[in-house]
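Shown next, in structure tokens, is the structure this report addresses.
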Protein chains: 2
Amino acid sequence: MALLSKSCLYGLRTAIYCAHQSGNGYIPISEIAKELEIPADFLTKILQKLTRKKIMSSLRGVKGGIKLGKSSEKISLYDIVQAIDGETIFRKCFLDLEGCGEETPCPFHESWKSYRTDLGNMLKNTSLSYLIENRKYARLK
Amino acid sequence: MALLSKSCLYGLRTAIYCAHQSGNGYIPISEIAKELEIPADFLTKILQKLTRKKIMSSLRGVKGGIKLGKSSEKISLYDIVQAIDGETIFRKCFLDLEGCGEETPCPFHESWKSYRTDLGNMLKNTSLSYLIENRKYARLK
DNA sequence: TTAATTTCGGATAAAAGAGTCTTTAATTCT
DNA sequence: AGAATTAAAGACTCTTTTATCCGAAATTAA
Ligand code: SF4
Ligand code: SF4
């Protein structure tokens, strides 16, 4: 098990890659797929989820491809995770016991809740531009 | 995507259920499965992972079944998660970028690392007995 | 207008996870 | 010793995720 699905990882890495490209033009998905070693057809499908949510924008045809749908400061990792994997990981209890929740919390409830909230905030507070500006610390691929 | 696999959830819930039972005898897996609404044959397979790691102990035959392999104070949620889902969630970076890690960390690395460590510690510090002792706060099933 | 390019959309295939079934081995009770 | 019970083990099916394939639609360039 992993926290994020493979689709989600692919989406994140693509978004980071696009944010990393200086120009404002469309980049063919095939090019990104090759660069990041992601199956191209699969990536196409994943990116559709992001374009539908305006996180990215796409264009068909000769000069077409994909690019960020807004400026990289305005896209957080949370946005991308939510668009692809949904909000489950930020909401669901990991024990998922019968009769659980706020009314009858198990002893684990509070620490788990804050942990989950932390994860959400951490991702909300990390924008693509932040990652790029500090990119000297790692190869962001 | 979920943090833990379904197998792991089943394992955790079974361990909690066993810890909750007062006696020291073996409980048939079929009985637990019925009580917790888990497919019995599937649960049998999952529990084998726990018995192999001595977290639980099993006995075949008429008075057979399964029970905790040691006292509930000595079993942490971490032990169970590790036995079933492995250590990936405590180790792997969630971005899993090329060339990542301690030497060339991305800007996200430190916060992610501490988050991951927190999760591990949280689970290590929660024993089955702790959950049971505070069980009045929730139905532990 | 035609040819080339590139995403979109739906169908299909492969792999992994979850769940089922059957047989065998161990244990208890009579 | 024999019958009943219960976990172990392996084969098998079903579902979800991941990946591939192909034709259609949109866009550009000539
Ligand atoms: S009480 Fe909260 S933390 Fe505990 S099992 Fe239920 S939802 Fe999860
Ligand atoms: S540097 Fe660390 S946090 Fe960042 S992608 Fe790599 S392993 Fe993950």
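In what follows, chains are A, B, ... by sequence order, proteins preceding strands, each numbered from 1. Computed over heavy atoms, backbone and side chain alike; hydrogens, waters and symmetry mates excluded.
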- If you take atom types as modelled and just measure distance, does the side chain of Lys6(B) reach the base of dG19(C) with a donor-acceptor pair under 3.5 Å? no
- Within the pair Arg52(A) and dT7(C), is there a side-chain N or O less than 4.0 Å away from OP1 or OP2? no
- Of Val62(B) and Gln48(A), whose closest DNA chain C nucleotide lies nearer the 5' terminus? Gln48(A)
- OP1, OP2 of dA18(C) versus side-chain N and O of Ser7(B): anything below 4.0 Å? yes
Side-chain atoms of residues 44-64 of chain A: list all donor-acceptor pairs with protein atoms under 3.5 Å, sequence neighbours left out, distances to 0.1 Å.
from, atom 1, to, atom 2, distance (Å)
Thr44(A), OG1, Ala40(A), O, 2.9
Thr51(A), OG1, Leu47(A), O, 3.4
Thr51(A), OG1, Gln48(A), O, 2.9

- Message: Measuring to OP1 and OP2 of dT27(D), would you say a side-chain N or O of Tyr26(A) lies under 4.0 angstrom away?
- Response: no
- Message: By nearest heavy atom, map Gly61(A) and Ser58(B) onto DNA chain D; which one lands nearer the 5' end?
- Response: Ser58(B)
- For Leu47(A), report the nucleic acid contact type (base, sugar-phosphate, nothing); a contact means any heavy atom under 4.0 Å. nothing
- Has the side chain of Arg60(A) got a donor or acceptor that lies under 3.5 Å from a partner of the other kind on the base of dA25(D)? yes
- For Ile29(A), answer base if it contacts any base atom (sugar-phosphate contacts may also be present), sugar-phosphate if it contacts only those atoms, and nothing otherwise; contact means non-hydrogen atoms under 4.0 Å. sugar-phosphate
- Can you tell if the side chain of Ile84(A) reaches within under 4.5 Å of the side chain of Leu12(A), non-hydrogen atoms only? no
- Task: Anything under 30° is parallel, anything over 60° is perpendicular, the rest tilted; go ahead and classify Phe42(B) against Tyr10(B).
- Result: perpendicular
- Message: If I take atom CG in residue Leu43(B) and atom P in nucleotide dG19(C), what distance separates them, rounded to the nearest angstrom?
- Response: 11 Å
